[in-house]
Amino acid sequence: MGLGGCIILIAVGAILTFATDWHMQGVNLDVVGLILMAVGIVGVATFSSIARRRRVVMPPTAVVEEERHRHGRDGYGDGYGV
């Protein structure tokens, strides 16, 4: 589950806990909302720790350019066809 899924879990849990006043027999929606928010927060923490570990900074590398030896003439550089 990615970061977006965790944020959706937190939002749905907050809606169930704070914005609804439904009463279902056998299900306490406040507790379900709190559980969803807790799972979302744990997911965000896990995702951020994995993302921090995955982000590796590579040291800058030196770019080495080759110099090509050019002869005074255009054409073959190995001496044939002079």
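For clarity, every value in this text was computed on a predicted model and none was experimentally measured.
Closest of all the heavy-atom pairs between Val44 and Cys6 is CG2-CB, 3.6 Å. Shown here for Thr46 and Ser49, the closest heavy-atom pair between the two residues is O-OG, 2.9 Å.
Ile15 and Leu34 are not part of a single hydrophobic cluster, where members link through side-chain heavy atoms under 4.5 Å apart. Linking ILVMFWY side-chain heavy atoms closer than 4.5 Å, directly or via other members, places Ile7 and Val42 in two distinct hydrophobic clusters. The hydrophobic clustering, which links ILVMFWY residues whose side-chain heavy atoms are closer than 4.5 Å, places Ile41 and Phe47 together.
Residues Met24 and Leu29 are in side-chain contact: their nearest non-hydrogen atoms beyond the backbone lie under 4.5 Å apart. Looking at Leu36 and Ile10, their side chains never come closer than 4.5 Å, going by heavy atoms from C-beta outward.
In this structure, CG on Leu9 lies 12.0 Å from CD1 on Ile35, to the nearest 0.5 angstrom.
Between Asp30 and the options Val27, Val32, Asn28, a side chain to side chain contact (heavy atoms under 4.5 Å, CB included) holds for only Asn28.
The backbone N or O of Ala45 lies less than 3.5 Å from a partner atom in the side chain of Ser48, making a donor-acceptor pair.
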